[in-house]
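Report on the structure given below.
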Amino acid sequence: MYMMKNITRDGNPVLRKQAAPVKFPLSDTDKQLAHDMMEYLINSQNPEFAQKHHLRAGVGLAAPQVGISKQMASVLVPNDQDDDQDYLLKITLINPVIISNSVQNAQLAEGEGCLSVDKDVPGYVPRSARITIRYQDFDGKEQTLRVKNYPAIVCQHEIDHLRGHLFYDRINKNEPFKAESGSTIIS
Ligand SMILES: Cc1nc(NNC(=O)[C@H](CC2CCCC2)CN(O)CO)c(F)c(N2CCN3CCOC[C@@H]3C2)n1
Ligand code: NI
């Protein structure tokens with residue numbers, strides 16, 4: 001798990017850059033990066049493994065957070081319903097673009113954190129409640145993904161990383177826990 005030691009922290013300029021588009025066909029390095037990022041998330045969600053290797057749990061990870069300024073992010077949102085599906089969303093987003101979003105906003109009730117930000121920054125992080133993402137799959141084929149609520153929040157947090165934004169940029173400085181009327185608070 002070399003990756004956790006190498007998670008870039010706020011202050012590293014790579015987190016404030018616009019990441020470069022990923023080229024196709026994917027290089028072996030890029031394939032390995034995608035694999036390693038997803039593997040990190042899977043392991044970080046295994047309590048025993050995470051504790052043994054001192055991993056902070058994650059449901060998303062963007063390439064700039066491992067020092068690679070490329071437009072690639074992994075999302076692994078577990079399914080808390082006890083039906084048989086393991087994950088609500090398990091995907092690697094390459095060159096993602098949000099092509100449409102709802103007027104309605106949503107925010108996590110507990111606010112957000114970030115593996116690259118060691119301090120707690122309290123406050124709602126308002127995001128679109130529903131988004132449509134165009135991205136490329138491993139073969140470079142354009143795909144469309146529609147997500148809403150919790151998975152949509154995670155995808156937006158990761159896509160922000162690819163454009164040099166951090167979650168606290170979006171917290172209302174004067175009233176951190178002010179929710180726009182009509183927005184959804186997700187607990
Ligand atoms: C919400 C949450 N954020 C966790 N961490 N932060 C992250 O994932 C950051 C990205 C998320 C912060 C808010 C939106 C996206 C990482 N980011 O910096 C990447 O850019 C969690 F770990 C977590 N869960 C719930 C599911 N649980 C399953 C079992 O294992 C523990 C795990 C804990 N939920
Ligand atoms: Ni983050």
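Counting convention: from 1, in listed order, for ligands and their atoms alike. These numbers come from a predicted model, not from an experiment. The analysis underlying the following values was restricted to heavy atoms, covering all of them including side chains, and did not include hydrogens, waters or symmetry mates.
The closest protein non-hydrogen atom to atom 29 (C) of ligand 1 is Gln45 O, 3.8 Å. Shortest contact from atom 31 (C) of ligand 1 to any protein heavy atom: Ala57 CB, 3.7 Å. Counting only heavy atoms of the protein, atom 23 (C) of ligand 1 lies nearest to Val59 CG1, 3.8 Å. The protein atom (non-hydrogen) at minimum distance from atom 16 (C) of ligand 1 is Gly60 O, 3.4 Å. Protein heavy atom closest to atom 1 (C) of ligand 1, with residue, atom name and distance, is Tyr150 OH, 3.7 Å. Scanning all protein heavy atoms for the shortest distance to atom 17 (N) of ligand 1 gives His157 NE2, 3.5 Å. Counting only heavy atoms of the protein, atom 13 (C) of ligand 1 lies nearest to Glu112 CG, 3.7 Å. Here the protein heavy atom with the shortest distance to atom 26 (C) of ligand 1 is Pro78 CG, 3.6 Å.
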- Query: Step by step, would you call Gln45 with Leu76 a side-chain contact (heavy atoms from CB on, under 4.5 Å)?
  - Reply: CA-CA 9 Å; Gln45 293 184 16; Leu76 188 66; 3.9 Å; yes
Step by step, would you call Thr184 with Gln104 a side chain to side chain donor-acceptor pair (under 3.5 Å)?
-> CA-CA 8 Å; Thr184 306; Gln104 187 186 22; 3.1 Å; yes
*asked:* With salt bridge (charged side-chain N to carboxylate O under 4.0 Å, His left out) as the criterion, how do Asp36 and Lys31 come out once you've worked through the C-alpha distance, each side chain's angles and the decisive distance to 0.1 Å?
replied: CA-CA 9 Å; Asp36 289 349; Lys31 285 178 187 163; over 6 Å; no
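When side chains are defined from C-beta on, Phe167 counts as touching Val121, because their heavy atoms get closer than 4.5 Å.
Atom CG of Leu162 sits about 8.5 Å away from atom CG of Leu93, to the nearest 0.5 Å. Note that the CD atom of Glu112 and the CD1 atom of Ile153 stand 6.0 Å from one another [nearest 0.5 Å]. To the nearest 0.5 angstrom, Gln156 atom CD is 7.5 Å from Asn101 atom CG.
The SG atom of Cys114, the Ni ion (ligand 2) and the NE2 atom of His161 define an angle of 100° (nearest 10 degrees).
A donor-acceptor contact shorter than 3.5 Å links the side chain of Arg16 to the backbone of Gly164.
Close contacts between ligand 1 and Cys114 involve ligand atoms 18 (O) [criterion: under 4.0 Å to a heavy atom]. Of all atoms in ligand 1, listed by their number and element, those nearer than 4.0 Å to a heavy atom of His161 are 18 (O), 20 (O). Ligand 1 places these atoms under 4.0 Å from at least one heavy atom of Gly113: 12 (C).
Aromatic ring pairs are classed by plane angle as parallel below 30°, tilted from 30° to 60° and perpendicular above 60°; the pair Phe177 and Tyr124 is perpendicular.
Side chain to side chain, His161 and His157 meet the donor-acceptor criterion of an N or O pair below 3.5 Å.
In terms of polar-atom proximity, defined here as any N/O pair under 3.5 Å, Gln65 does make such a contact with ligand 1. Residue contacts with ligand 1: Ala62 is placed with no nitrogen or oxygen under 3.5 Å of a nitrogen or oxygen of the ligand (distance criterion only).
Distances from the Ni ion (ligand 2) to each N, O or S atom of His157 single out NE2 as the nearest.
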